[in-house]
Amino acid sequence: MFQDRRDVVVVLLPDGRVRHISDSVADLLGHGPGVLTGAPLDTHIHPDDVEEARLRLRLRANAPAGSSGRAAFRFRHADGGWRWLEVTTRNELADPAIGGLVLNIRDISDHIALSERLRASEARYRTLAEAVPVGILQADAGGQVLFANARLAGITGLEPDRLLGGGWLDAVHPEDRARVAAEWRLDSDDESAATDFRFHDPDGTGADRRVLCQRIRLEDGGTIATITDVSEYVHTANALRLSEARNEAILDTAADAILTIDEAGVLISFNRAAEAMFGVAAGDLLWRPLDRLIVLADLREEDGIRLEFAPGQTTALIARDRAVEAERADGTRFPVELSVGASEVEGRRLYTAILRDVTERRRAEAELLAAKEAAEAGNHAKSTFIATMSHELRTPLNAVIGFSQLLEVQAGTDAADGPRNEQLPDCVGAIRQAGEQLLAIIDDILDMAQIDDGAVSMVEGTVDLSALVERAVADLRFHATRQRVTMTMATDADLPPLRGDERRLGQALGNLLSNAIKFSHPDTTVTLTSGLAADGWVELSVRDQGIGMRPEDIERALTPFAQLDQGVNRRHQGIGLGLPLALRLVEAHGGMLRLDSTPGQGCTATIRLPPSRVMTIAELLARMS
């Protein structure tokens, strides 16, 4: 039993001491038989295994005779290292020739080391398989999936256990499933086979995922497949294509020319509007230095100083509406306005320019300027003519009025050499009234012309509003009496003095009163009120009980020379300057004129003068000193 055996044979006494041991132990543990014989065997067992070894020996000693068992322990080698040994123990205590436990020991260190490496390799494989950002399938030669990683479970929406066998096909889109199943079973002579398909969310709550599957055949006939989710890539690619198509559409439909160059002046883009503007096809210029059409310096920063972007920015506007000159392909030069923006793309500086041909606009501006100058010249000539005409008309009119007044006086007395002409006073009075009316019209025309020409003169001083109101009413009372209109006035006793042109304010108030009398019905009243408003403005209001006007006609009534009643047989005479002139004179004082009217119910015209026109006590004292 102890001769010519590769395994070590040991006979142990019931107390665990070595009774006999074969010579091959020297090869196994590096100790000769003499060293181990008579000594406890467990002194050579690894401390972590010794209790297990003793338990197994006791169990075997109590087991039936001839029974055996097997276990593996670590034994110390003579060099200090440890060896994994497989020990087969047989109970031969009842055999008088043996009288102990017979141990057959063989070295399994290499087998254990190989198993450990295999387990470590498998652990690394599974760790890598779970860590990689792609799905992994491992299938046997029959195509049945043996392993699927967690990433694939995330892509398919199935639990890892449901992916095993052929279950993973349940997640394939129904429209792709038959094709994928056929390709999965098909043997390929290539080292790898690739296909793309879609996974469909089995619950129907998610979107389809497009994947790329790469398969590799193993030596045992099995398959390793990697499945990469390319949905985001496909989505991004589609979005990029859509964006590029949209940008191209925008560029090609833009009315302005758009071009892009790099730092070296190479033309990168040139839209259709640019082709039409410069008369050259983009294909003749793209990806070549832009050495004509426009000066390169006009497409970059001024003075050649490179613009530095603010932190976090990659674009910036460096010029807006820059006026430069460009040149068409035929050599003709024309003016353009351009805006230039700079951008950084992967460290590369690009300049994008938007150009607009302003040839027609410049021509229109020149024509408009010429028309404006002509209009101003005509307006000045008109003002000069009106002033001259006023002077020329005033002279004979003054004579007519003066002589008519003299005739009026003479006609009122008895003639010494004949009977009195009863109709002469009325005729002379009519001549004087017509002359005065014509003179007033000329004065209004002259004042309006001066205001429109910006030449109206303002002589500011202290204005006593109470006296101004009384004088205006007194001047027009005779005219009101002839029209059978009664005039009343109500003035605040503590009305403050104003700073302004007394003559011009009186003229404006007189125009409002004259207008109110003219459009009043007979036997009605025109009321003039004055006082301070709640907001501190000074208000002068003239209210009549005349024909009134529609609210939509008020704006036209304030327009010079406009007549609401334009018929040939109109009842109310005038040239339409009373209200417009009053408005201009009030506005010259920083005030406003408001009209409130209803047809058939009269009209209220209100002059409002700002608080800044009210004189303070300090100003009054300063003027008195």
*Any chance you could measure Leu299, atom CG, to Leu259, atom CG, to the nearest 0.5 Å?*
6.0 Å

*Mind checking the CD-CZ spacing from Glu360 to Phe334? Nearest 0.5 Å is all I need.*
12.5 Å

_Treating Thr228 as the side-chain partner and Val230 as the backbone partner, does any N or O pair qualify as donor plus acceptor under 3.5 Å?_
no

_Side chain to side chain, Val11 and Ile98, heavy atoms closer than 4.5 Å_ = yes

*Is a donor on one side and an acceptor on the other found under 3.5 Å between the side chain of Thr260 and the backbone of Ile268?*
no

*Is the backbone N or O of Glu263 less than 3.5 Å from a side-chain atom of Arg300, with the two atoms forming a donor-acceptor pair by type?*
yes

*asked:* Salt bridge check, Arg210 against Asp196: does any charged N sit closer than 4.0 Å to a carboxylate O?
replied: yes

*Can you tell me how far CG of Leu57 sits from CG of Asp15, rounded to the nearest 0.5 angstrom?*
11.0 Å

*So among Asp48, Ile105, Asp49, Asp42, which one has a side chain to side chain contact (heavy atoms under 4.5 Å, CB included) with Phe73?*
Asp49

*Between Glu344 and Arg348, does at least one N-O distance fall below 4.0 Å, as a salt bridge requires?*
no

*Would His77 and His31 count as a close aromatic pair, with their ring centres under 6.0 Å?*
no

*asked:* I need the minimum non-hydrogen distance between Gly30 and Ala78, along with the two atoms involved.
replied: O-CB, 3.5 Å

_Quick check on Arg177: does its CZ atom have over 12 non-hydrogen neighbours (other residues, nucleotides or ligands) under 6.0 Å away?_
yes

_If I compare all heavy atoms of Pro335 with all of Asp357, which pair ends up nearest, and what's the gap?_
O-OD1, 3.5 Å

*Donor-acceptor pair between Arg60 and Ser67 side chains, under 3.5 angstrom*: yes

*asked:* Around atom CZ of Arg272, are there more than 12 heavy atoms from other residues, nucleotides or ligands closer than 6.0 Å?
replied: no

*Quick one: do Arg349 and Asp262 satisfy salt bridge (Lys or Arg N to Asp or Glu O under 4.0 Å)? Show the steps, please.*
CA-CA 6 Å; Arg349 178 66 64 98; Asp262 62 11; over 6 Å; no

_Atom CZ of Arg320 with >12 non-hydrogen neighbours under 6.0 angstrom_ = no

*Side chains of Thr226 and Gln214: is there a donor and an acceptor less than 3.5 Å apart?*
no

*Polar contact flag, side-chain donor to acceptor under 3.5 angstrom, Arg56-Thr89*: no

*What's the shortest heavy-atom distance between Leu93 and Pro14, and which atoms?*
CD2-CG, 3.8 Å

_Arg106 and Thr88: side chain donor to acceptor below 3.5 Å_ = no

*For the pair Arg608 and Asp535, evaluate salt bridge (Lys or Arg N to Asp or Glu O under 4.0 Å) and give the outcome as yes or no after the intermediate values.*
CA-CA 11 Å; Arg608 281 175 53 84; Asp535 57 1; 2.6 Å; yes

*asked:* Quick check against the 3.5 Å criterion: does Thr223 have a side-chain atom that pairs as donor or acceptor with the backbone of Ala139?
replied: no

*Would you call Arg322-Glu337 a salt bridge at under 4.0 Å N-O?*
no

*Min side-chain heavy-atom separation Leu293-Leu285 under 4.5 Å*: yes

*asked:* Looking at every heavy atom in both Val340 and Asp298, which two are closest together, and how far apart are they?
replied: CG2-O, 3.9 Å

*Under 3.5 Å: donor-acceptor pair, side chain of Thr37, backbone of Gly34*: no

*Looking only at non-hydrogen atoms, find the nearest pair between Asp256 and Leu355 and report the distance.*
CB-O, 3.4 Å

*asked:* So, taking the atom named OG1 in Thr156 and the one named CG in Leu169, what distance separates them when rounded to the nearest 0.5 Å?
replied: 11.0 Å

*Which heavy atom in Ala225 sits nearest to a heavy atom in Arg215, and how many Å separate them?*
CB-CG, 3.8 Å

*State, without any angle test, whether Tyr351 and Glu301 hold a side-chain donor-acceptor pair at a distance under 3.5 Å.*
yes

*Between Trp168 and Phe199, how do the two ring planes meet: parallel, tilted or perpendicular, split at 30° and 60°?*
perpendicular

